[in-house]
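Every number for a ligand or one of its atoms is a count from 1 in the order of the listing. Counting from 1, the numbers follow the sequence of the chain as shown.
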Amino acid sequence: MTKFTDLNLDPKVLKAVADAGYESPTPIQAGAIPPALVGQDVLGIAQTGTGKTAGFVLPMITLLGRGRARARMPRSLVLCPTRELAAQVAENFDTYAKYTKLTKALLIGGVSFKEQDLLIDRGVDVLIATPGRLLDHFERGKLLLTGVQIMVVDEADRMLDMGFIPDIERIFNLTPFTRQTLFFSATMAPEIERITNTFLHNPARIEVARAATTGENISQGVVMFKASRKEREATEKRALLRAIIDGEGAACTNAIIFCNRKTDVDIVAKSLKKNGYNAEPIHGDLDQSQRTRTLDGFRDGTIRFLCASDVAARGLDIPAVTHVFNYDVPSHAEDYVHRIGRTGRAGRSGKTMMICAPRDEKNLAAIEQLIGNAVPRLDNPLGAGVPVTDDDTDAAPARAPRRPRREDRPKRDERPARAPRAEPAEAGPEAAVPVDAAPRRQPRPERHPTAEAAAEPTREPRRERGSRRDDRVVGMGDDTPTFILKSFEERSGD
Ligand code: AMP
């Protein structure tokens, strides 16, 4: 088996990796690091949980160790689809670069331009950004991309889902042709294939299979639920959720509760809080500082229940949770796999329970078909009739019961207008002074402040290939995620 010491990484990087407690490189790391270190482009087909972040951060740190940052000209660029992912890459960078003098800046929405400008002015080695925010900085003349030697595109399929591909293409064209590109995507949709054919040069292609099945160490169940009266459905469903949680008792140390709609995430969190549960919501419409605070609280155990939309199901490195509750049956079967994959990580056991209303039965059948098993039916802990007190009814705005509305989901072709390019406090003279040699561009269309957040996909990108049911999730000890070790070659035998 390959060892980190075989990989030709900077000794300072090796020391940081040893501190992190990693024993050996994961398959994506073992495959991506050697070509990256010799300057080759890399096409990594891998999803979160495979160790792909270190797969590009470690060689970047090693390569960048041999030079110095120049004002306003970052030497490398990492593009991520969401603020959370960008923040996680930044954290990874801090971990692995702690014995070096390399500097970084994180350019994400929800953080003041001024602070970010200061860092860029001083010169940074690594710029980690969401595409919209990066272009905003560029257009304000605060940033030059002509010094970028290494460019990383992380979670490209998610960028596609969120409508960021034109931005990515533009950014590619603003960086030097001679740059090295490290490109990661969980799937290879035709559009992604096109981008890689256009912008990558003879890449080393490394693929690790994705989790198409639910881990065997996750115990699953579903409670079939029918409201006593239609107009009481929401109240009764929340009461049922509380009963399910209560039934788990102390075994439920912490849990993620997934809802299909952002509005329900808020309502369920509020209702739980009102009933004495330590719960907070997280979804793309909340402001960045609140999302960060909530995630930190959940990580350090001060928050026990995280009510989440699917943004939390992908990408976020949330530590092990004992339980995942699906308040709704996800409307895309693969979301189920991702959601419940938040528990039972790293070889631990986990438990997941879902509430299924009659109209969700079709979606439940699709999940069972995908995972190749029936999800065991559990007894309704409240019995046949649901005795519900109205103690949480004001958690929800008064509304008629309704079928799940399609319009609750952001549609691809309804990508919201994006945020204004300069935040009001900074739109004064300073923002108007272009840096010499910075390209002058036509103003971009108005942007909505929460565009990146609002563009949060509610579903997985469509998979190019049929899902395998016989893949195995392999836990690798306490600090390791579950890795999918099957090779591309094995998969191609489908
Ligand atoms: P990623 O796929 O980059 O989001 O990584 C998922 C998790 O794997 C993170 O918590 C990393 O800290 C962890 N990780 C990365 N590389 C290794 C490794 N070689 N051994 C064990 N854990 C790792």
Side-chain angles (χ1 to χ4, degrees), residues 1-10 13-34 36-37 42-62 78-98 126 128 152-159 182-187 206-211 215 295-296 298-300 311-321 337-338 341-348 350 473-486:
M1 191 197 265
T2 319
K3 296 200 290 287
F4 275 111
T5 44
D6 300 333
L7 293 180
N8 231 357
L9 289 163
D10 185 319
V13 173
L14 287 176
K15 196 163 168 226
V17 166
D19 288 356
Y22 304 162
E23 283 164 14
S24 52
T26 65
I28 189 78
Q29 292 163 1
I33 293 173
L37 281 178
V42 169
L43 173 56
I45 304 162
Q47 64 173 21
T48 299
T50 54
K52 67 177 164 58
T53 316
F56 60 79
V57 173
L58 302 184
M60 272 173 76
I61 299 172
T62 301
V78 182
L79 292 174
C80 303
T82 64
R83 301 165 180 186
E84 278 85 3
L85 271 167
Q88 261 172 42
V89 170
E91 266 174 41
N92 273 254
F93 175 82
D94 289 343
T95 305
Y96 306 133
K98 66 178 178 181
V126 182
I128 302 159
V152 178
V153 179
D154 195 14
E155 305 233 349
D157 52 340
R158 224 168 148 197
M159 304 256 200
L182 312 176
F183 192 100
F184 291 83
S185 184
T187 55
I206 299 104
E207 176 158 350
V208 294
R210 69 189 178 81
L295 266 184
D296 287 348
F298 192 62
R299 284 199 187 105
D300 69 24
V311 75
R314 291 196 70 208
L316 294 185
D317 186 20
I318 296 172
V321 292
V337 178
H338 285 283
R342 291 283 151 198
T343 185
R345 301 186 110 195
R348 294 187 187 91
V473 178
V474 181
M476 291 182 68
D478 263 3
D479 292 316
T480 56
T482 50
F483 296 119
I484 311 306
L485 296 172
K486 289 203 154 193

So does L9 get a backbone contact from the side chain of T62, meaning a donor-acceptor N/O pair under 3.5 Å? no
Subset of ligand 1 atoms that lie under 4.0 Å from at least one heavy atom of T26: 17 (C), 18 (C), 19 (N)
What pairs with F184 under ring pair (Phe, Tyr, Trp, His ring centres under 6.0 Å), at least two apart in sequence or on another chain? F56
Evaluating non-hydrogen atoms only, which member of Q88, Q29, E91 is closest to atom 16 (N) of ligand 1? Q29
Is there side-chain contact between Q29 and L7, with heavy atoms separated by less than 4.5 Å? no
Please identify which of these residues, P34, P25, S24, P27, meets the side-chain contact (heavy atoms from CB on, under 4.5 Å) condition with T2. P25
Does the residue S24 have a heavy-atom contact with ligand 1, meaning some pair of atoms that are separated by less than 4.0 Å? yes
Short N/O distance, under 3.5 Å, between G51 and ligand 1? yes
T53 heavy atoms, cut-off 4.0 Å: which ligand 1 atoms fall inside? 1 (P), 3 (O), 4 (O)
Ligand-residue contact atoms, ligand 1 with F4, heavy atoms, under 4.0 Å: 19 (N)
K98: partners by salt bridge (Lys or Arg N to Asp or Glu O under 4.0 Å), with sequence neighbours left out: D19
Which residue from Y22, F184, F56 reaches closest to atom 11 (C) of ligand 1 through any of its heavy atoms? Y22
State, with a plain yes or no, whether a side-chain heavy atom of T53 is found less than 4.5 Å away from one of Q88. no
